[in-house]
Amino acid sequence: PTTNNSSSPDPSNLSWHDLWEVAMGCRKCPLCENRNNVVFGDGNRNADLMFIGEGPGRDEDMQGLPFVGKAGQLLTKMITAMQFTREEVYIANIIKCRPPNNRNPLPEEAAACLPYLKRQIQLVNPKAIVILGAVPLQFLFNRRGVTRLRGTWLDYEGIPAMVTFHPAFLLRYPQDKRKAWSDLQQVMKKFDKVYKP
Ligand code: URA
């Protein structure tokens with residue numbers, strides 16, 4: 001069989017090392033067929049702040065790292081504007097393998113992959129999460145409408161989660177960067193970081 005829904009262990013109790021190893025060999029959905037790399041996540045495993053995106057694009061699939069393409073460059077700017085460094089936060093996605101033509105993940109792909117991300121969140125145990133756009137909003141919270149929900153805090157198992165626009169969206173609609181910045185400033189406040197122009 002090319003996919004395997006039955007025999008890999010439940011990620012919910014795995015250590016970082018075992019979680020990484022299981023994810024690297026994952027064949028739970030058809031996206032495993034065409035991947036170059038599993039994009040597990042990157043950054044500080046003890047981070048206070050975590051960012052959750054959608055899934056790997058071409059650059060991420062080639063390098064095996066999240067947010068390394070154009071959208072990633074903007075995310076890095078967003079992180080540094082928030083007075084964090086990329087190295088001190090943790091970055092992960094809803095799905096770990098690139099969908100064909102960068103389409104959105106299908107519900108069954110997200111469902112197959114989500115246990116890995118949920119365990120990552122549990123292990124990082126951040127003080128706050130930033131939800132980047134519609135895909136993590138849909139699959140982590142079963143909510144729709146980034147335009148309405150951005151700038152608001154949701155609760156992910158006791159962890160405050162700020163909804164904002166995805167950086168790829170902001171590249172297409174730069175006029176919405178100001179709104180995203182006000183969302184991110186709310187996150188900064190939680191960490192007693194104050195924006196001084
Ligand atoms: N967009 C995402 O949502 N995630 C990545 O890792 C890269 C681009």
Side-chain angles (χ1 to χ4, degrees), residues 2-4 8 11 16 19-45 47 49-82 84-121 124 129-140 144 146-147 150 163-177 180 184:
T2 52
T3 61
N4 184 337
S8 49
W16 273 114
L19 184 66
W20 183 84
E21 211 162 71
V22 173
M24 285 300 135
C26 184
R27 304 194 63 80
K28 281 178 181 288
C29 91
L31 297 181
C32 68
E33 300 295 341
N34 294 307
R35 73 182 175 220
N36 289 298
N37 283 292
V38 175
V39 178
F40 180 75
D42 190 34
N44 176 3
R45 292 175 170 186
L49 181 58
M50 185 162 175
F51 290 80
I52 299 176
E54 176 177 330
R58 186 175 150 276
D59 296 306
E60 291 77 20
D61 172 64
M62 292 310 297
Q63 295 186 44
L65 290 168
F67 284 100
V68 290
K70 281 232 168 69
Q73 287 169 24
L74 179 53
L75 179 63
T76 303
K77 280 194 194 173
M78 291 158 72
I79 292 167
T80 53
M82 294 172 76
F84 285 87
T85 65
R86 232 188 113 114
E87 294 70 39
E88 70 183 321
V89 304
Y90 193 81
I91 304 173
N93 286 309
I94 291 292
I95 49 163
K96 300 202 177 327
C97 297
R98 185 194 181 201
N101 306 313
N102 299 336
R103 65 157 168 73
N104 281 359
L106 302 174
E108 54 270 31
E109 293 160 355
C113 209
L114 216 47
Y116 299 119
L117 176 63
K118 288 186 168 175
R119 182 61 177 153
Q120 284 171 297
I121 300 171
V124 174
I129 300 173
V130 177
I131 300 301
L132 299 168
V135 168
L137 182 63
Q138 178 185 347
F139 292 117
L140 270 185
R144 308 250 181 186
V146 179
T147 309
R150 60 145 280 273
V163 182
T164 194
F165 294 120
H166 191 286
F169 174 89
L170 293 173
L171 290 172
R172 272 177 287 132
Y173 300 95
Q175 65 272 24
D176 281 334
K177 282 184 181 178
L184 298 178

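Here the structure is a predicted model, which means the values were calculated and not measured.
- The side-chain heavy atoms of Ile79 and Ile91, taken from C-beta on, include a pair separated by under 4.5 Å.
- Every pair passing side chain to side chain donor-acceptor pair (under 3.5 Å) that includes a residue from residues 101-118 is listed here, sequence neighbours excluded: Arg98-Asn102, Arg103-Glu109.
- Scanning all heavy atoms of the two residues, the minimum distance from Pro11 to Pro115 falls at CG-CB, 3.7 Å.
- Nearest heavy atom pair, residue Pro167 against residue Leu132, reads CD-CD2, 4.0 Å.
- The side-chain heavy atoms of Pro56 and Leu65, taken from C-beta on, include no pair separated by under 4.5 Å.
- Contacts of Phe165 classified as ring-ring contact (aromatic ring centres under 6.0 Å, His included), with partners at least two apart in sequence or in another chain: Phe169.
- Residues Val146 and Thr164 share a closest heavy-atom pair of CG1-O, 3.8 Å.
- For Arg45, the CZ atom sits in a packed shell: over 12 heavy atoms of surrounding residues, nucleotides or ligands are nearer than 6.0 Å.
- In terms of the side chain to side chain donor-acceptor pair (under 3.5 Å) criterion, Asn34 has no residue partners (sequence neighbours excluded).
- Between the Asn44 side chain and the Val89 main chain, no donor and acceptor come within less than 3.5 Å of each other.
- Between the CE atom in Met78 and the CG atom in Leu184 there is a gap of 5.0 Å [rounded to 0.5 Å].
- Annotation: the span from Ile95 atom CD1 to Glu54 atom CD amounts to 7.5 Å, rounded to 0.5 Å.
- Among residues two or more places apart in sequence or in another chain, the ring-ring contact (aromatic ring centres under 6.0 Å, His included) test is passed with Phe67 by His166.
- No more than 12 heavy atoms of other residues, nucleotides or ligands lie within 6.0 Å of CZ in Arg144, so this atom counts as exposed by the packing criterion.
- No donor-acceptor pair under 3.5 Å is formed between the side chain of Gln138 and the backbone N or O of Val135.
- Taken from CG in Leu117 to CG in Leu140, the straight-line distance is 5.5 Å, to the nearest 0.5 Å.
- Shortest non-hydrogen contact noted between Cys26 and Cys32 is O-CB, 3.6 Å.
- With a 4.5 Å cut-off on side-chain heavy atoms, Pro107 and Phe139 count as touching.
- For the side chain to side chain donor-acceptor pair (under 3.5 Å) condition, the pairs that include at least one residue of residues 85-96, sequence neighbours left out, are Thr76-Arg86, Tyr90-Gln120, Lys96-Gln120.
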task: I would like to know whether Ile52 and Ile121 meet side-chain contact (heavy atoms from CB on, under 4.5 Å); could you show each step before the answer?
output: CA-CA 10 Å; Ile52 299 176; Ile121 300 171; 3.7 Å; yes
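- Scanning for side chain to side chain contact (heavy atoms under 4.5 Å, CB included) contacts around Met62 gives Asn36, with sequence neighbours left out.
- Between Cys29 atom SG and Leu106 atom CG the span is 8.5 Å, to the nearest 0.5 Å.
- You'll find the side chain of Ile94 stays beyond 4.5 Å of the side chain of Cys113, heavy atoms only.
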task: Could you check Asp61 against Arg35 for side-chain contact (heavy atoms from CB on, under 4.5 Å), going step by step and ending with a plain yes or no?
output: CA-CA 7 Å; Asp61 172 64; Arg35 73 182 175 220; 3.9 Å; yes
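- Nearest approach of Val38 to Met24, heavy atoms of both residues: CG2-O, 3.7 Å.
- Heavy-atom minimum distance, Ala71 versus Ala168: CB-N, 3.9 Å.
- Not counting sequence neighbours, the partners of Lys177 by the side chain to side chain contact (heavy atoms under 4.5 Å, CB included) test are Leu74, Leu170, Pro174.
- The salt bridge (Lys or Arg N to Asp or Glu O under 4.0 Å) check on Arg150 picks up Asp183, with sequence neighbours excluded.
- The structure places CD1 of Ile131 at 10.5 Å from CZ of Phe51, a figure rounded to the nearest 0.5 Å.
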